[in-house]
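No hydrogens, no waters, no symmetry mates; every other heavy atom, side chains included, goes into these values. In what follows, chains are A, B, ... by sequence order, proteins preceding strands, each numbered from 1.
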Amino acid sequence: MTSDPDRSNEDLLRHLLVPVATVEDARATARALAPYRLQRVTVLHVVEKGEGVPDKTPVEQSESIAREAFDAFREFIPEAEEKVAYRRDVVGAILRVAEEVDASAIGFRPRQNGRFLRFLTGDKSLRLVTSADRPVLAFPGESDE
Amino acid sequence: MSDEELAKDLGLFAALTIGVGTMIGAGIFVLPGQAAAAAGPAVALSFVVGGVISLFTALSASELGTAMPKAGGSYYYVNHALGPLFGSIAGWGNWMGLAFASAFYTLGFGEYLATFLPIPALVLGPINLSTYLPIQALTLGPIGLTSYQLGALLAGTAFIAVNYVGAKETGGVQIVIVTLLVGILTLFSVLGILQADISTIQPFFPAETGGVGAVLPATGLVFVSFLGFAKITTVAEELKNPGRNLPIAVVGSVVVVTIMYAVIMVVMMGVVNWRQLGPEFTTTPVLDVAEIAFGTLGFAAVGVALLTFAGLLATASSANASILASSRINFAMGRDKLVTAKLNAVHPTFATPYRSIAVTGGLILLFIVVGDVKTLAKAGSVLHLIVYGLLNVALIVMRKADPDEYRPEFEVPLYPIVPILGAVTSFGLIAFMRPIEIVLSLVFVAGGIVWYLAYARNEADKEGILSQYILSNPDEMPGAAVTAATHVQPDGGAYRVMVPLANPKHEKDLISLACAVARQRGGVVDAVHVVTVPDQTSLEHAADHLDEHDEDYRAVLDAARTDAETFGVDIETHTVVSHRSFEEIFDTARTHQADLVVMGWGESSHGSPGRAESAFDDLTMDLPCDFLVLKDRGFDPEDILVPTAGGPDSDLSAEVAKLLNAEFDSTITLLHVADTRAEGTAFLEEWAERHGLDDAERRVETGDVESVIERVADDYSMVILGATEQGLLSRLVRGSLVLDVVEDVDCSVLLAERARKRGLVERLLGDRK
C-alpha cells in the first residue's frame with residue numbers, strides 16, 4: 001500500500017475471493033452470499049500442507065474435501081470459479097491468491113469457535129482481517145451446527 | 001506448476017528424516033539392555049541381520065511406492081495386489097503393529113522421563129492390574145503401574161493430543177531433531193570407542209545366551225528398531241520426485257540406521273560388560289555408558305543429560321510418526337471400505353482425522369498399561385513382519401500380472417531373488433519368536449480373516465490384481481486357485497433395486513422393470529410399500545392400524561412377490577409408514593443401501609406430489625443412489641428411444657437401455673438433437689461407441705430439442721431420458737418443475753438420474769443437516 005490509487009470507479013464487489021474450509025462451511029458461506037447481486041466470485045480452498053513434514057490428512061483426502069466444498073458452494077453460486085492453494089500458512093495463501101486473481105475484496109464467514117479452540121488453532125479470522133491488503137467482508141454466520 | 005506438483009512438498013532430506021527419525025528411537029535408547037541380555041555382544045550381529053531383512057523389503061517397498069504413490073503404503077500395495085482378504089490382514093496388522101510400536105516407544109520415553117522426573121508412582125501405589133483383569137496370560141507376569149508407565153501414559157496422552165489438534169512442527173524443526181540425534185549419537189560413539197576395551201566384548205558369542213544360536217531370536221526382539229522405513233511410503237504421494245527420492249530415502253534410512261545400531265552396540269558393550277547392561281541392572285543402559293564415556297573428559301553429567309535429551313527426542317519422534325502413519329493406514333482402509341469411512345472423518349476445526357487418532361490413541365494407552373517393553377516390541381515386530389512378508393509377495397504378483405498401470409520408476413534389482421528373500425526372511429524371522437508371540441500373531445491373522453468375512457467382504461468392492469489375474473487366466477491356473485479366488489471375491493453387497501410401491505395400478509410395470517434390471521445385475525429386488533398418513537396421525541398409531549389407512553396394503557406386496565417370482569428374482573418386502581412419502585423414499589433408499597430406486601410417478605403413484613417443503617433443499621443435493629422414475633403409460637420395452645446429449649445421467653440411460661435390451665431383446669434407437677447434422681452424427685457415433693451401443697440405430701435431428709423428441713417418440717414404445725441437471729427428478733416429482741416432453745409424448749417415459757457421487761466427507765460425517 002504505497003500510494004493510494006484512484007478507486008472511485010472500482011466496484012468493491014468486482015471480484016470477490018471467498019475462502020471456504022469444509023463442506024458445511026462452504027454451504028453456509030454460499031448461502032449467506034447467494035441473496036446478493038454478485039459480479040465475479042472465486043471460491044478458494046487452502047489445502048494445509050506440512051511443508052517438510054507429512055500433512056495432517058492425506059493429499060487425496062484433502063483434495064476430496066476441496067472438491068466437496070466447491071460442489072456445495074456451487075449449488076448456491078454455480079458461476080463461481082474454483083481455486084485450490086497448497087500451503088502451510090492458510091492466511092498467507094488466501095492473501096497470495098487474492099493478489100493472483102486480482103480480487104477486489106475477500107469475503108468469508110468467521111467461524112464461531114470457543115476461546116480455547118481459537119488458542120489452539122490460532123485465530124485465523126483475526127489474522128486475515130488484520131493482515132489483508134484489500135477489503136475483507138465478514139458474512140454474518142449462522143453457527144456451524 | 002500443476003496442482004499435483006504443489007501438493008508435493010517433501011524433499012529427499014525430509015523423507016530421510018521421517019525414516020531415520022522414526023527408526024533411531026527404539027534400538028538404541030530403549031532396547032539395548034534386553035538385547036544385550038538376549039545375545040551378548042553378538043547382538044550387534046542381530047542388528048545387522050535385522051537391517052539386511054529390512055533392506056530386501058525396503059527395496060520391494062520402493063518399487064511398489066514409485067509405481068503406486070498412494071496414502072497407506074504397505075497396506076495399500078497388499079490390498080491392491082492380493083485383494084481385500086489379505087488387505088484386511090495387512091491393514092489390521094499394520095495398524096495394530098503401529099499401535100504396539102507406539103506404545104513401545106512411549107514406554108521408552110517414560111523410562112527416560114523417570115530418570116530425572118520424580119513421577120509419583122507411590123501416590124497411587126503399585127497397582128497390580130492383573131488382580132483386576134484377566135490379562136496374566138497375555139502379558140506374562142504380574143504388572144503394576146510403575147513410575148515409568150505413569151510417565152508413559154502422560155507422555156502418550158500428550159503425543160495423541162498433539163496429533164489430535166494437528167499441532168505440527170515445521171520441517172526445519174524435524175530436520176534439526178534428526179540432525180541433533182545423529183550428532184549426539186556420533187559423539188557418543190566416538191567417545192565410547194576411546195573407552196572401549198576389546199576384551200570386554202569377548203567372548204563375542206557368550207555361551208550363557210546360547211552362543212551363535214542366540215543371534216536370530218535376538219533379531220526378532222530388536223526388529224522393532226527397523227519399523228520406520230516403510231512409513232516413508234505411507235506419505236509417498238507427498239514426496240517430490242518420488243521416482244528418485246523414495247528409493248533413496250527408504251533404502252538410505254535402513255542403511256544409515258543399521259550401521260549406527262551395529263557400531264553403537266559394539267561400542268556400548270566395549271565400554272560396559274554386556275551383563276551389566278541387562279534389565280536387572282538398569283532400565284537405561286545408554287545413560288550408564290554415557291556416564292563413563294563422557295566421564296573421562298569430566299563431563300559425565302553433561303553426557304547423561306545429552307543422552308537423556310536424545311532419548312526423549314528419539315522416542316517422542318518415533319511415537320509421533322507412528323501415530324500419524326496409523327491414521328494414513330486407516331484412511332487407506334476406509335477408502336477400500338475395509339473399515340467404516342466414519343473412522344476417517346476430518347475435524348471441522350483442527351482438520352485432522354481425529355477419530356482415527358483417538359481410537360489408535362486409546363489402544364496405545366491400553367497397550368502401555370498391559371504390556372512391558374519386550375512384549376510390545378515383539379508384538380509390533382511380528383505384525384509388521386507379516387505385513388512386510390505380504391508386501392514382497394505383492395510385488396511378485398504385480399510383476400507377474402503386469403497390469404498396464406504398473407510402471408514403477410524404480411525396479412528391484414535381481415528380481416525375483418530380492419522379493420523372494422524378503423518374503424522368506426520376513427516370515428522366517430517370526431519363527432524365531434517365542435511360541436506365545438507366534439500364536440499371538442496367528443490370532444491377529446485369523447482376526448483379519450474373520451474381519452474380512454464378517455464385515456469387509458460385504459463392503460469392499462475392490463478386487464485384488466491377483467484374483468483378477470487368476471480369474472482371467474483360468475486355464476493356466478490350478479483349479480483350486482480359481483475356486484479359491486472365486487470364493488473370496490468381495491461382493492460389495494448384492495445389487496439392490498428398491499421399488500417404492502403405493503398405487504397397485506403401477507405395481508406390475510414397476511416390478512417388471514426392477515426385476516429386469518436386478519436379474520441382469522444378479523441382484524435382488526426390495527419392494528417397499530409406502531403408506532402415507534396425514535400429519536395429524538402419529539406414525540406409531542398408523543403402523544398399528546395399517547389397514548385403516550390402506551386397506552389393501554398387503555395385496556400390493558403380495559402381487560409384487562408373485563410378479564418377481566415369474567422373473568426368478570429374489571424379492572424382499574417391507575412396509576414403511578410416512579408422513580412425507582417422497583422424503584421417506586430417499587431415507588429408505590439410504591438405510592436399505594439400495595443401488596437403484598425404480599419408482600413410479602404420476603397421479604398419486606406415490607402419495608401427494610407438489611408438497612414443496614424446505615427440507616427438500618437438502619435432498620436435491622444428495623441423491624442417495626441411481627434413480628429411475630417411470631411415467632407409466634404401459635410398460636412396453638420393445639422399441640426404446642434414448643435421446644442423449646451426453647453427461648452422467650445419459651450414461652445411466654445407456655446402461656438401462658442395454659439391460660432392457662439384454663432382458664427383453666428390445667431394439668434401441670439413439671437420438672441426438674444437434675445444430676448441424678454432421679456435428680450430431682459425429683457426437684452420436686462417439687457416444688454410442690463409448691457406451692457399447694454400436695449396434696443401436698442412430699437418429700440425428702435438428703431443431704428444438706423438446707419438439708423433436710415429442711415428434712420422434714411417436715415411433716417408439718418407450719423413451720429413456722437422462723436427467724439434464726442435478727436434482728431434476730426430485731423437483732419433477734414434487735411438481736416444482738414441469739417437463740413438457742414427459743407430458744406430451746404418448747408412450748411410457750423413463751427418467752434416469754445418476755446418484756450424486758456422495759463424497760468422502762458426506763459419507764464420513766453421515767447425513768448431517
Where do [X] and [Y] come nearest, in terms of heavy atoms and distance?
| X | Y | value |
| --- | --- | --- |
| A:Pro54 | B:Arg328 | CB-NH2, 4.0 Å |
| A:Gly50 | B:Asp9 | N-OD2, 3.5 Å |
| A:Ile65 | B:Val346 | CD1-CG2, 3.7 Å |
| B:Ala14 | A:Gly52 | CB-O, 3.5 Å |
| B:Glu237 | A:Val59 | OE2-N, 2.8 Å |
| A:Asp55 | B:Glu238 | N-OE1, 2.9 Å |

Original post:
Near A:Gln39 CD, under 6.0 Å, is it more than 12 heavy atoms from other residues, nucleotides or ligands?
Top reply: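 Check passes, neighbour count above 12.
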
Original post:
Under 6.0 Å from the CZ atom of A:Arg96, do we count more than 12 heavy atoms belonging to anything else shown?
Top reply: no

Original post:
Do A:Glu60 and B:Phe331 have side-chain heavy atoms sitting under 4.5 Å apart?
Top reply: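 Yes, close enough: below the 4.5 Å cut-off.
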
**OP:** Let me know if A:Arg88 has heavy atoms under 4.5 Å from chain B in its side chain, its backbone, both or neither.
**Re:** side chain

Original post:
How long is the gap from CG on B:Leu324 to NZ on A:Lys56, to the nearest 0.5 Å?
Top reply: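 So the gap between those two atoms works out to 11.5 Å.
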
